Amino acid sequence: MQYLTAGESHGAGLTAILEGFPSNVPLSDADINAQLKRRQQGYGRGGRMKIESDAVHILSGMLGGKTIGSPIALFIENRDFAKWKEYTHPVHGNPAPKALTAVRPGHADRTGCVKYDFADARMVLERASARETAARVAVGAVCRRLLEMLGICIASHVTNIGGAKSDMHPLTAADVNEQADKSAVRTLCARAEKEMIAAIDSAIQTGDTVGGEVELLIDGVPAGVGSYVHYDRKLDAVLAGHLMSVQAVKSVSFGLGEHAAYVRGSQMHDQMYPLPSGGIERRTNRAGGIEGGMSNGETIVSRIVVKPIPTLMQGLQTVDIATRQAVTAHPERSDYCAVPAAGVVAENVAAFAVLNELLKVTGGDDFHTVARRVAEMRQRAVK
Ligand code: EPS
């Protein structure tokens, strides 16, 4: 499979095309809208989320409520475009009144202007904006539908916001989203929830922003997705690339992650025990479900760190690229914290990556062929 996204944050909307998705998968707008809605939640979002109410238009790739194997085109309208079109209309807009030259440290503003030869960072930020993640979530939601039918479940929860840490580290994805979605900051830990909200409130009061960490869990991936035989087929490398591409992500790790630097081999590796059924049991999952670049059949566990958003109401010291004078960076409307949303984005970005790697193993243009092959893979792991 492959997908493309297009669209500017204050343009007409976001478009995505997903190519290579198997046929005969039942799908509805509601499946995608449910994920879009989850992405819009979270304490600490800015005013924009009160304007948008993301809903997908499925333009192609389906007939009679099922996918038909042809490219799936998706469109999400930007409601805010109604107020912006005199500036951001692709042909008739005049962006000059909305020019941004007090470039924001940490944002794509400055380097984007150098790279694309612009005198106005508006030309950069419209596309660099994390608004684009709505399109990626829509694509992921389609992939997720098929993964669910194969018994593959993806979930996430917030483990840290601004240093307020959760103690909860569930071993599987089951019920995690159900619980996390009830929390304003998508955390499973009641104590940490209060501290996380306090950290966001404190950032809001001081015109600052906070980042954090999410944990991603993927259950049910059969052993043998990805491969050790070549660098570009390693599942952890592929997944990390997709997750790292999400706006504001600064690190991605699997299993023990950076803690692996502190332990010995005997404390690191997940020992194996025979089961009467013929299968093999592990009593730990420090590998995070991936060994030798392949899923090993255990839950895939990844931790993703998101930096504090670089648009600060208090402004940071910078240089105006028009005047070359020292100024305070432009304080724009933005989010104070988008960590809860980042977890939802991570889930859906991972859904594409996992399905894409799975389809490379199974082959198959239609759902039943894929499902039969997945069943064979699972069977092989216990014989
Ligand atoms: C963003 C800035 C804010 C966010 C936006 C990402 O938008 P605005 O400048 O319109 O207030 O709300 O996120 C979304 C619109 C979204 O859908 O997530 C940025 O600069 O990255």
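Note that the structure is a prediction, hence the values are computed from the model and not measured. Side chains included, hydrogens not; waters and symmetry mates left out as well; all remaining heavy atoms used. Numbering of ligands and ligand atoms starts at 1, following listing order.
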Please confirm whether the backbone N or O of Val103 pairs with a side-chain atom of Thr318, one donor and one acceptor, at under 3.5 Å?
yes
side-chain hydrogen bond (donor to acceptor under 3.5 Å, both in side chains) pairs, two or more places apart, involving residues 261-277
Asp270-Thr284
Working note: Val142 + Leu74, criterion side chain to side chain contact (heavy atoms under 4.5 Å, CB included); need CA distance, chi angles, decisive distance, verdict.
CA-CA 10 Å; Val142 175; Leu74 306 170; 4.2 Å; yes
Option from Arg38, Arg48, Arg131 for which salt bridge (charged side-chain N to carboxylate O under 4.0 Å, His left out) with Asp54 holds
Arg131
Check the orientation of Phe352 and Tyr3. Use parallel for under 30°, tilted for 30 to 60°, and perpendicular for over 60°.
perpendicular
Can you work out which protein residues put a heavy atom within less than 4.0 Å of ligand 1?
His10, Arg39, Arg45, Arg48, Met49, His107, Ser129, Ala130, Arg131, Arg333, Ser334, Asp335
Electrostatic pair Asp181-Arg186, nearest N-O below 4.0 angstrom
yes
